[in-house]
Student: 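Here's a structure for you.
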Amino acid sequence: MLTARPPLRGEAHAFLGFLERQKNLVRRYWMWEAVWLVYSLVSVLSIGYLAAGLGSLGGAAPSVADLARAELYLLLGALLWAYLSIVFMEISFSVMWERWEGTIEYTFMAPVRRVTHLLGVCAFALLYGLARTLVVLAIALALFHLDLSRANGGAAVVVLVVSTFPLVGLGVLASVLPLLSPERGEQMTVAVQGILLLASGVYYPVTVLPGPIQVLAKASPMTYTLDGIRATLIDGRGLAAVAPDLAALVLMGAVLLPLGLLTFGWAERRAKRLGLLKRSG
Amino acid sequence: MSQPAVEARGLTKRFRRSGGTGRDGHRLRAPWRRPAREDAVALHPLDLTLEAGAITGVIGPNGSGKSTLVRILATLVLPDAGWARVFGHDVVRESLRVRRHINRVSVEAAFFKELSPWENLVYAARIYGTDDRGLRGRVVDALTRFGLSADVVDQPLRQLSRGQQQKVAIARSVLTTPSLLLMDEPTTGLDPRSKREVQAMVDDLRRESVTTVLCTHDMEEAEALCDRVLLMDRGRVLADGTPAQLGRLEDVFFELSGRGMEDADTEAELEESRAC
């Protein structure tokens, strides 16, 4: 007979189990991981070259300083989107992937609190997203001569850390969609990701968006992450200057994280009531 | 008197299905309207007590309610009415405690197919809170005990045959030392040799006093392995007794339901396709 762990240690052990499982899956699907890495890299580099070519598109020639700023603005947007979208996708697709693998019932039947399960998935998503983005960042830095002389790295890290909470909350909320609808949940998750890309000001200031989309921009935590990171890295602003962004992110984290967990619990009970856990499309 | 492994009273489940077809089999609804909903009864009010340590067979065709019963006990489906307890814990209100007692082997051998048996079993050990000291040795023991060679331990599961995968699934369930093992058609779709081997594994569990609920279509399997048999059809228990008391299950099923098991399966498949 094997010895069962006490509940709290058991939860910690299970948390590590989810991290380890995700790591093993990345290792086994290494070819796909390589493809996604190249895809992220190509996306970021395309934006970088677009920025570098802005001066040769015709019209009034912008100054060198303006071009350098535009290049940094766009590249930071592309890099942050690469990170935020990986984390969002890893979390929001977690239910869908388990359904696709056929393991969803096994995982949901395990003697683990759902919060442990979700935190394990989210922690891996954050680590994995960071690692992949750092690789892309290193290559982008080598190819583009970015002027980061004014950057306030410490403040940027704080913005990124604070952004984690609403981002995780949003990811968990989106992961509920495949639980609500096995047939259409996956498509809806991709649609949510697309809307975030459009509304969060990844490649432009949100002020250029039409009014209704600006409302969405205000509701997206990614808008404040991008705003805060750009202010700290491009203009070298400190924490006081990005306090409104940080406050919005803290508030959104305080709402989205518990809301995500509660909604997931509700959706799980609904799926169990309607017999939707096993069904796959 | 010892505590029953499973107790259920008035356990009921219906599933909502799309429906509404005409005589010619075509849908009656207009394409832009939401499908009409018809409830399909998966489980009529069911009373059940299973003593600890025995192998209970739940036998019946598709749509008889076997899998629904197992899923309710596994906390994967919520009942509409009635209650069920596993070793005294309510499957709805104390689902986490129930999950500490159970494991389930399903017909699909639910695995991450790109991961190896070792990686899948380590994952199971972690989420079931089992001690990881000497885990590698125990995983290899569990696999070799059920006739798998040690060299499959690190191969991706997709490279193993269905029979081998099902053995890994049973080894995984044993590794987590459940008090109640729910086996949902573990031998369906296996070749005769793998089937015999898996049946031998189930028989082995008897020695470890693991309470086992074995859902199967296979009457002979039930007669050979089970201490008690529940014969089910359309969400109801038709007969309940030891294989010796019931006699030839195929005949009992025909006598009580008015149709053969294969006819019942075909009927259930037709109903399912009409509902989709």
Side-chain angles (χ1 to χ4, degrees), chain A residues 1-32 97-117 120 183 265 268-281, chain B residues 13-17 40 42 67-68 71-72 74-80 92 95-106 108-116 118-120 122-135 138 156 158 169 172 174-178 182 184 208:
Chain A
M1 290 283 282
L2 300 174
T3 329
R5 290 168 181 278
L8 262 180
R9 280 188 64 200
E11 294 294 326
H13 206 55
F15 173 82
L16 292 176
F18 287 110
L19 284 180
E20 191 178 27
R21 178 195 80 178
Q22 295 301 98
K23 181 207 76 184
N24 286 334
L25 283 169
V26 165
R27 196 166 51 82
R28 291 280 183 181
Y29 284 102
W30 67 269
M31 188 59 106
W32 272 113
W97 279 328
E98 286 237 39
R99 191 170 254 144
W100 181 72
E101 290 272 12
T103 54
I104 188 162
E105 287 196 326
Y106 192 79
T107 299
F108 276 58
M109 196 185 67
V112 178
R113 290 180 194 282
R114 194 60 58 226
V115 66
T116 307
H117 169 202
E183 293 88 356
E268 182 180 343
R269 282 192 298 280
R270 180 182 177 275
K272 287 178 175 180
R273 190 163 43 81
L274 299 179
L276 297 178
L277 265 192
K278 193 193 162 202
R279 231 172 70 200
S280 51
Chain B
K13 187 67 199 172
R14 288 166 180 266
F15 289 113
R16 224 194 275 169
R17 290 233 181 106
S67 291
T68 301
R71 283 200 165 83
I72 289 175
T75 77
L76 294 168
V77 163
L78 296 177
D80 294 333
V92 178
S95 61
L96 191 62
R97 284 172 189 271
V98 169
R99 298 205 297 261
R100 292 200 178 109
H101 280 283
I102 59 168
N103 207 316
R104 173 170 165 249
V105 177
S106 62
E108 309 95 351
F111 286 115
F112 291 94
K113 299 284 193 296
E114 281 298 319
L115 300 189
S116 65
W118 161 246
E119 288 161 339
N120 273 288
V122 166
Y123 169 56
R126 298 256 192 270
I127 60 175
Y128 275 82
T130 49
D131 196 342
D132 53 3
R133 276 170 292 180
L135 190 58
R138 289 204 308 271
R158 68 177 160 75
R172 174 176 65 178
V174 171
L175 186 77
T176 62
T177 60
L182 303 164
D184 196 355
E208 297 181 18

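Lettering follows sequence order; numbering is per chain, from 1.
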Student: Working to the nearest 0.5 Å, report the span between CZ of R114(A) and OG of S95(B).
Tutor: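 The OG atom of S95(B) is 8.5 Å from CZ of R114(A), to the nearest 0.5 Å.
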Student: Quick check for you: to the nearest 0.5 Å, what is the distance between L76(B) atom CG and E105(A) atom CD?
Tutor: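 One finds 4.5 Å between CG of L76(B) and CD of E105(A).
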Student: Do K272(A) and L78(B) have side chains that get closer than 4.5 Å, going by heavy atoms?
Tutor: yes
Student: Under the side-chain hydrogen bond (donor to acceptor under 3.5 Å, both in side chains) test, which residues partner K113(B), sequence neighbours left out?
Tutor: none
Student: For N103(B), is it the side chain, the backbone, both or neither that has a heavy atom under 4.5 Å from a heavy atom of chain A?
Tutor: both
Student: Considering only heavy atoms from C-beta outward, does the side chain of R28(A) approach that of R158(B) to under 4.5 Å?
Tutor: no
Student: Using a 3.5 Å distance criterion without hydrogens, assess whether the side chain of R99(B) forms a donor-acceptor pair with backbone atoms of V112(A).
Tutor: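 Present.
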Student: Please look at I102(B) and chain A and tell me whether the side chain, the backbone, both or neither of the residue comes under 4.5 angstrom of a heavy atom of that chain.
Tutor: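 The side chain, not the backbone.
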Student: Is it the backbone or the side chain of F15(A) that comes under 4.5 Å from a heavy atom of chain B, or both, or neither?
Tutor: neither
Student: Give, as side chain, backbone, both or neither, the part of P156(B) having an atom under 4.5 angstrom from any heavy atom of chain A.
Tutor: both
Student: When heavy-atom pairs shorter than 4.5 Å are enumerated against chain A, which of L115(B), I72(B), D80(B) gives the highest number?
Tutor: L115(B)
Student: Which heavy-atom pair separates P111(A) from L96(B) by the least distance, and what is that distance?
Tutor: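 Closest heavy-atom pair between P111(A) and L96(B): C-CD1, 3.6 Å.
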Student: Can you tell which part of E108(B) gets under 4.5 Å to a heavy atom of chain A, answering side chain, backbone, both or neither?
Tutor: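 The side chain, not the backbone.
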Student: Looking at residues at least two apart in the chain, or sitting in another chain, which of them share a side-chain contact (heavy atoms from CB on, under 4.5 Å) with E98(A)?
Tutor: R21(A), T103(A), I104(A), T107(A), H117(A), F112(B), Y123(B)
Student: Considering only heavy atoms, which portion of E20(A) lies under 4.5 Å from any heavy atom of chain B: side chain, backbone, both, or neither?
Tutor: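 Side chain only.
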Student: If you count heavy-atom pairs within less than 4.5 Å of chain A, which of E208(B), R126(B), R71(B) leads?
Tutor: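 The answer is R126(B).
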Student: Quick one: which of R172(B), R104(B), H101(B), K13(B) has the most heavy-atom pairs under 4.5 Å with chain A, could you say?
Tutor: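 Highest number of heavy-atom pairs under 4.5 Å: R172(B).
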Student: Measure distances from V92(B) to the heavy atoms of chain A and classify the residue's part below 4.5 Å as side chain, backbone, both or neither.
Tutor: neither
Student: Does any backbone or side-chain atom of S116(B) lie under 4.5 Å from a heavy atom of chain A? Answer side chain, backbone, both or neither.
Tutor: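 For S116(B), heavy atoms of backbone and side chain both lie under 4.5 Å from chain A.
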Student: Establish, for the pair R273(A) and F15(B), whether the NZ or CZ atom is under 6.0 angstrom from the six-membered ring centre and no further than 45 degrees off its axis.
Tutor: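 No, R273(A) and F15(B) do not form such a contact.
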Student: Measure the spacing between OG1 of T75(B) and CZ of F108(A) and express it to the nearest 0.5 Å.
Tutor: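 If I round to the nearest 0.5 Å, the distance is 10.5 Å.
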Student: Picking from A110(B), S106(B), P79(B), which has the most non-hydrogen pairs under 4.5 angstrom with chain A?
Tutor: A110(B)
Student: Does R27(A) come within less than 4.0 Å of E114(B), counting only side-chain N to carboxylate O?
Tutor: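 Looking at E114(B) together with R27(A), the answer is no, because their closest N to O distance does not fall below 4.0 Å.
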Student: For chain B, which of A12(A), A110(A), G120(A), A271(A) has the most heavy-atom pairs under 4.5 Å?
Tutor: A110(A)
Student: Let me know if R113(A) has heavy atoms under 4.5 Å from chain B in its side chain, its backbone, both or neither.
Tutor: both
